[in-house]
Amino acid sequence: MEVTLVRANIDNAKELHAMQVEAFKELLEKYQDFDTSPANENMEKVEARLKQGYTFYYFICIGQQKAGAVRIVDRMENGQNKRISPIFILPEFQGKGIAQKAIRLCEEIHGNGNWELDTILQEPRNCHLYEKMGYRQTGKTETINERLTLAFYEKKERSYACYDT
């Protein structure tokens with residue numbers, strides 16, 4: 001199954017918002033995180049992000065079908081982490097390795113090192129995905145409510161020292 005990324009623009013705001021709400025609504029119902037859930041964001045917030053010069057939204061596609069989307073925050077500054085926030089796969093496409101392939105593509109486009117993201121600590125499948133992709137917990141967490149804690153992850157670029165012998 002070939003996964004591709006297609007850059008979204010301001011004209012796609014309504015579609016991105018609808019997909020985001022659909023993809024996150026089950027988690028919103030489960031965790032009741034009304035202030036932080038992407039399922040509870042209004043369309044104006046998606047539009048505002050699309051207008052940011054350092055935001056890159058991509059549809060995650062399988063053939064001609066849009067299976068989800070990812071937002072990359074890349075300020076293109078040396079030493080500045082790039083951020084995945086959010087990434088989502090529509091329910092009917094989940095569990096097929098699509099997010100993993102999409103993250104790899106994002107890293108190819110925006111550079112392999114110095115990434116960060118956060119995810120729900122109580123969702124072991126999400127944590128496993130990011131850890132499998134080389135992301136490590138920073139130790140920072142944020143309690144949203146009695147049901148939900150965010151765990152923060154980063155992936156640093158490896159550097160190798162060369163020595164003359």
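- Atoms CZ and OG, from Arg49 and Ser85 in turn, are 5.5 Å apart once rounded to the nearest 0.5 Å.
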**Prompt:** Yes or no on side chain to side chain contact (heavy atoms under 4.5 Å, CB included) for Tyr57 and Val46, after CA distance, side-chain angles and deciding distance?
**Reply:** CA-CA 10 Å; Tyr57 265 104; Val46 174; 4.2 Å; yes
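- Placement of Leu90 and Met43 in two distinct hydrophobic clusters is found when ILVMFWY residues are connected by side-chain heavy-atom separations under 4.5 Å, directly or transitively.
- Here the side chains of Ile103 and Tyr130 are in contact, with some heavy-atom distance below 4.5 Å.
- Within a 6.0 Å sphere centred on CZ of Arg147, heavy atoms belonging to other residues, nucleotides or ligands number more than 12.
- A donor-acceptor contact shorter than 3.5 Å is absent between the side chain of Asp33 and the backbone of Thr36.
- Residues Thr149 and Gln122 approach most closely at N-OE1, 3.0 Å, considering heavy atoms.
- Smallest separation of non-hydrogen atoms from His110 and Asp74: ND1-OD2, 2.8 Å.
- A 6.0 Å sphere centred on NZ of Lys25 holds no more than 12 heavy atoms belonging to other residues, nucleotides or ligands.
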**Message:** Pair Phe152, Gln137 - check side chain to side chain contact (heavy atoms under 4.5 Å, CB included), show working.
**Reply:** CA-CA 6 Å; Phe152 292 80; Gln137 286 194 34; over 6 Å; no
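- A side-chain donor from one of Glu131 and Tyr153 sits under 3.5 Å from a side-chain acceptor of the other.
- Taking CG of Asn40 as the start and CD of Gln32 as the end, the distance is 10.0 Å to the nearest 0.5 Å.
- With values rounded to the nearest 0.5 angstrom, Asn126 atom CG is found 6.5 Å from Ile120 atom CD1.
- Checking side-chain atoms of Lys66 against main-chain N and O of Glu15 turns up no donor-acceptor pair under 3.5 Å.
- Across all non-hydrogen atoms, the minimal contact from Ile60 to Phe88 is CD1-O, 4.1 Å.
- There is no side-chain donor-acceptor pair under 3.5 Å between Tyr54 and Glu77.
- The local environment of CG in Asn42 is crowded, with over 12 non-hydrogen atoms from other residues, nucleotides or ligands closer than 6.0 Å.
- There is no side-chain donor-acceptor pair under 3.5 Å between Asn81 and Lys155.
- Across all non-hydrogen atoms, the minimal contact from Gln94 to Ala23 is NE2-O, 4.3 Å.
- Both Leu16 and Ile10 are members of a single hydrophobic cluster when ILVMFWY side chains are connected at heavy-atom separations under 4.5 Å.
- Considering only heavy atoms from C-beta on, Leu5 stays 4.5 Å or farther from Cys61 through its side chain.
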**Message:** Lys82 vs Glu116, test: side chain to side chain contact (heavy atoms under 4.5 Å, CB included). Steps then yes/no.
**Reply:** CA-CA 6 Å; Lys82 296 165 285 276; Glu116 64 183 48; over 6 Å; no
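- The shortest distance between side-chain heavy atoms of Val70 and Phe59 does not fall below 4.5 Å.
- For the atom pair Asn12 CG and His17 NE2, the distance stands at 14.5 Å (nearest 0.5 Å).
- Taking the side chain as every heavy atom from C-beta outward, Leu150 and Thr141 never approach each other to under 4.5 Å.
- Following chains of ILVMFWY side-chain contacts shorter than 4.5 Å, one can reach Ile72 starting from Leu129, so the two form part of one hydrophobic cluster.
- Counting heavy atoms from C-beta on, the side chains of Gln80 and Asn114 never come closer than 4.5 Å.
- To the nearest 0.5 Å, the span separating CG on Leu105 from CD on Gln100 amounts to 11.0 Å.
- With respect to Glu154 and Arg83, no salt bridge is recorded, no charged nitrogen being found less than 4.0 Å from a carboxylate O.
- Here the closest heavy-atom approach between residue Glu92 and residue Lys96 is recorded as O-NZ, 3.4 Å.
- Tracing side-chain contacts under 4.5 Å through hydrophobic residues (I, L, V, M, F, W, Y), one reaches Met133 starting from Ile84; they form part of the same cluster.
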**Prompt:** Which is it for Glu146 and Tyr31 under the side chain to side chain donor-acceptor pair (under 3.5 Å) test, yes or no, and what are the steps along the way?
**Reply:** CA-CA 9 Å; Glu146 65 281 351; Tyr31 294 108; over 6 Å; no
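- Residues Ile62 and Ile87 share a hydrophobic cluster, clusters being chains of Ile/Leu/Val/Met/Phe/Trp/Tyr side chains in contact below 4.5 Å.
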**Request:** Kindly indicate, with the supporting measurements, whether the criterion side chain to side chain contact (heavy atoms under 4.5 Å, CB included) is fulfilled by Lys30 and Glu123.
**Result:** CA-CA 11 Å; Lys30 181 176 181 179; Glu123 289 294 316; 2.8 Å; yes
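- Using a 4.5 Å heavy-atom cutoff, the side chains of Leu117 and Tyr135 are in contact.
- Between the side chains of Arg71 and Gln52, at least one donor N or O lies within less than 3.5 Å of an accepting N or O.
- When every heavy atom of Glu47 is checked against every heavy atom of Ala13, the shortest pair comes out as CG-CB, 3.5 Å.
- At distances below 3.5 Å, at least one donor-acceptor pair connects side-chain atoms of Thr138 with backbone N or O atoms of Lys140.
- Within the 4.5 Å cutoff, side-chain heavy atoms of Cys106 are placed close to those of Trp115.
- Between Leu50 and Asn9, every side-chain heavy-atom pair lies at or beyond the 4.5 Å cut-off.
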